[in-house]
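What you are looking at is a predicted structure, and each value in this text was computed from that prediction instead of being measured.
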Amino acid sequence: EMVIASKSDAVGFQTFAMESPHAIRTLRSQLMKEKVDKVAALADNNARDFADYKYRIGQINGLQMAIEIGEAMQEQERK
């Protein structure tokens, strides 16, 4: 079962489902925006405790991994 955690996740998934070269760029853009927002929130020191901090770092790392996968997909399309 897929769980969509936020509106931006839903937008990203919908964009990815478009099956066009533009889709990967659009998804990457959405992921980058989400990552920037999460990094900014963490920089504002709004983590409740260390566990929350680790959770937020995990989200940021997950977004970075997704961005890198998208970039690898783009590279494959260019070949």
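Applying the side chain to side chain donor-acceptor pair (under 3.5 Å) criterion to Lys33, with sequence neighbours excluded, gives Asp37. Annotation: side chain to side chain donor-acceptor pair (under 3.5 Å) contacts of Tyr53 (sequence neighbours excluded): none.
Summarising the geometry, atom CD1 belonging to Ile60 is positioned 8.0 Å from atom NZ belonging to Lys35; distances are rounded to the nearest 0.5 Å. For the atom pair NZ (Lys38) and CG (Leu63), the distance works out to 6.5 Å, reported to the nearest 0.5 Å.
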Anything under 3.5 Å between a donor and an acceptor, one on a side chain of residues 41-48, the other on a protein residue two or more places apart or in another chain? List them.
| unit_1 | atom_1 | unit_2 | atom_2 | d |
| --- | --- | --- | --- | --- |
| Asn46 | OD1 | Arg56 | NH1 | 3.0 |

Run Gln74 and Arg28 through side chain to side chain contact (heavy atoms under 4.5 Å, CB included) and show every step you take. CA-CA 10 Å; Gln74 276 185 305; Arg28 182 183 180 282; 4.2 Å; yes
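Between Glu68 and Gln64, the side chains place a donor N or O and an acceptor N or O closer than 3.5 Å (distance only, hydrogens not considered).
A single hydrophobic cluster is seen to contain both Ile57 and Phe50, as judged by linkage of ILVMFWY side chains at heavy-atom distances under 4.5 Å, directly or through other members.
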